[in-house]
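All values reported here derive from a predicted model rather than from experimental measurement.
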Amino acid sequence: MHAMQYEITLPADYDMGVIRHRVATRGHLLDDFPGLGLKAYLIRERADGAPVNQYAPFYLWAAPEGMNAFLWGPGFQGIVDDFGRPEVRHWTGAAYGDGPAAGSAPRYAVRRRVPIGAGEPPAEAVGRALAAHERLVAADGVVAAAVAVDPRHWELVAFSLWADAAPEGAGDVFRVLHVSQPHRGELRRGRHW
C-alpha cells in the first residue's frame, strides 16, 4: 500500500461550491480506477472554522502501478491544468484496517502527520504508531484507518475515515465529499511487513 495526498490551498474568499461541483461531476471517474484502494475527496473550509479553504484528496493505492498511471495520466493532469502542479506527498504503507463502521459512507476524515525525531529509532516510532492504529481501528465510528511512513523526511501519517463526527484534537479534520474505492478489498489488513 502507498498513501498519497496533495493539498490545493485556495483564497479565503474562494467559492468552495466550485470544488463541490467538481467532485460531484468528476468524482465518479475514479470509481473503477485500476490499483486504487480508495480516494477520499476531502475539503476544509474557513466557513467551518478551518484555518484555510483547501481541496486535499487522500489516496490509498493497492498497487504502485495505479498510482503511477494516475500521476502520469489525464486525471492528475486535470488538477495541474486547473490549479497548477501541487506538491504530492507520499508515504509507504505500514498498516491498514477497516473499522466498526466499515459499511458506512464516511462524512469526515482525520489526518495526523508526526515527525520522527533525528534521535528517535524509526522502529520504535513506527511501533507506537501501529499500537495507536490498532486502538483507532477498533473505535466506534471508524470506517477505515491507515498508517504510513515517509522515510525521506521521517514523517508518520495516520489517516482515518469517520462515519459521523471526527474526534476533537485528533489532527487535521476534513469533510468527505465522495469516496472512490474500487480496490479497497485489496488493501492488505494489519501490519505491512
Side-chain angles (χ1 to χ4, degrees), residues 3-31 33 36-61 70-71 74-91 96 98-115 132-133 136-137 139-148 150 153 155-182 184:
M4 182 181 97
Q5 185 178 39
Y6 49 87
E7 299 169 328
I8 298 168
T9 302
L10 301 158
D13 61 349
Y14 189 83
D15 177 6
M16 293 300 285
V18 172
I19 300 299
R20 290 176 188 281
H21 177 69
R22 178 187 189 91
V23 172
T25 58
R26 298 185 190 178
H28 71 281
L29 296 175
L30 292 187
D31 285 353
F33 198 87
L36 178 61
L38 69 83
K39 174 183 180 179
Y41 295 77
L42 308 178
I43 62 168
R44 295 196 288 175
E45 295 183 79
R46 289 176 50 98
D48 288 340
V52 293
N53 284 333
Q54 195 171 65
Y55 175 50
F58 196 96
Y59 302 74
L60 294 175
W61 294 98
F70 175 77
L71 286 172
F76 187 66
Q77 188 59 46
I79 291 291
V80 173
D81 291 345
D82 292 347
F83 300 104
R85 187 175 64 193
E87 176 182 304
V88 178
R89 290 188 177 105
H90 55 96
W91 303 266
Y96 172 80
D98 290 323
S104 301
R107 295 181 58 219
Y108 293 94
V110 175
R111 181 204 59 204
R112 189 168 56 91
R113 295 173 32 216
V114 179
H133 168 77
L136 176 63
V137 84
D140 286 339
V142 171
V143 174
V147 174
D150 172 355
H153 297 104
E155 175 186 69
L156 288 160
V157 65
F159 177 75
S160 52
L161 293 169
W162 296 80
D164 294 310
E168 292 292 322
D172 298 320
V173 177
F174 299 86
R175 188 172 299 270
V176 179
L177 299 181
H178 178 72
V179 176
S180 294
Q181 49 191 345
R184 182 172 163 190

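In plain terms, the two heavy atoms of Val137 and Ala145 that are nearest each other are CG2-CB, 4.4 Å. When all heavy atoms of Ala109 and Leu42 are compared, the closest pair comes out as CB-CD2, 3.7 Å. For the pair Arg46 and Ala12, the tightest heavy-atom approach, listed with the atom from each and the gap, is NE-CB, 3.5 Å.
Two residues are said to be in side-chain contact when any heavy atoms from C-beta on lie closer than 4.5 Å; Asp150 and Val157 fail this criterion. Residues Tyr59 and Phe159 fail the side-chain proximity criterion, which asks for heavy atoms closer than 4.5 Å. Residues Tyr108 and Pro167 fail the side-chain proximity criterion, which asks for heavy atoms closer than 4.5 Å. Looking at Arg89 and His153, their side chains never come closer than 4.5 Å, going by heavy atoms from C-beta outward. A 4.5 Å side-chain heavy-atom check between Leu177 and Arg22 finds every atom pair outside the cut-off. Proximity of His90 to Trp61: side-chain heavy atoms (C-beta onward) are nowhere separated by under 4.5 Å. Taking 4.5 Å as the limit, every side-chain heavy atom of Val179 sits out of range of all side-chain heavy atoms of Tyr41.
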Task: side-chain contact (heavy atoms from CB on, under 4.5 Å) between Ile19 and Leu10, intermediate numbers included - done: CA-CA 10 Å; Ile19 300 299; Leu10 301 158; 3.9 Å; yes
Task: Derivation of the side-chain contact (heavy atoms from CB on, under 4.5 Å) call for Asp164 and Arg107 - done: CA-CA 6 Å; Asp164 294 310; Arg107 295 181 58 219; 4.0 Å; yes
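Of the listed residues (His178, Gln181, Lys39), just one forms a side-chain contact (heavy atoms from CB on, under 4.5 Å) with Asp31, and that residue is His178.
A distance of 10.0 Å separates CE in Met16 from OH in Tyr55, rounded to the nearest 0.5 Å. The CG atom of Leu71 lies 8.5 Å from the OH atom of Tyr6; values are rounded to the nearest 0.5 Å. The line from CG of Leu136 to CH2 of Trp162 is 5.0 Å long, rounded to the nearest 0.5 Å. Asp82 CG to Ile8 CD1: the interatomic distance, rounded to the nearest 0.5 Å, is 8.5 Å. Note that CD of Glu7 is 7.5 Å distant from CG of Asp172, once rounded to the nearest 0.5 Å. Atom CG in Leu161 sits 13.0 Å away from atom CZ in Arg111 (nearest 0.5 Å).
Partners of Tyr96 under the side-chain hydrogen bond (donor to acceptor under 3.5 Å, both in side chains) rule, at least two apart in sequence or in another chain, are Asp98, Arg184. Residues forming a salt bridge (charged side-chain N to carboxylate O under 4.0 Å, His left out) with Arg175 (at least two apart in sequence, or on another chain): Asp48. Remark: Pro11 engages Asp13, Tyr14 in a side-chain contact (heavy atoms from CB on, under 4.5 Å) (not counting sequence neighbours).
Between Phe58 and Phe174, the distance separating the two ring centers is not shorter than 6.0 angstrom.
Applying the 6.0 Å contact sphere to CG of Asp81 captures more than 12 heavy atoms from other residues, nucleotides or ligands.
Using a distance-only test at 3.5 Å, with no hydrogens or angles considered, no donor-acceptor pair links the side chain of Ser104 to the main chain of Val143.
Checking Gln54 against Arg44 by side-chain atom types alone, a donor-acceptor pair falls below 3.5 Å.
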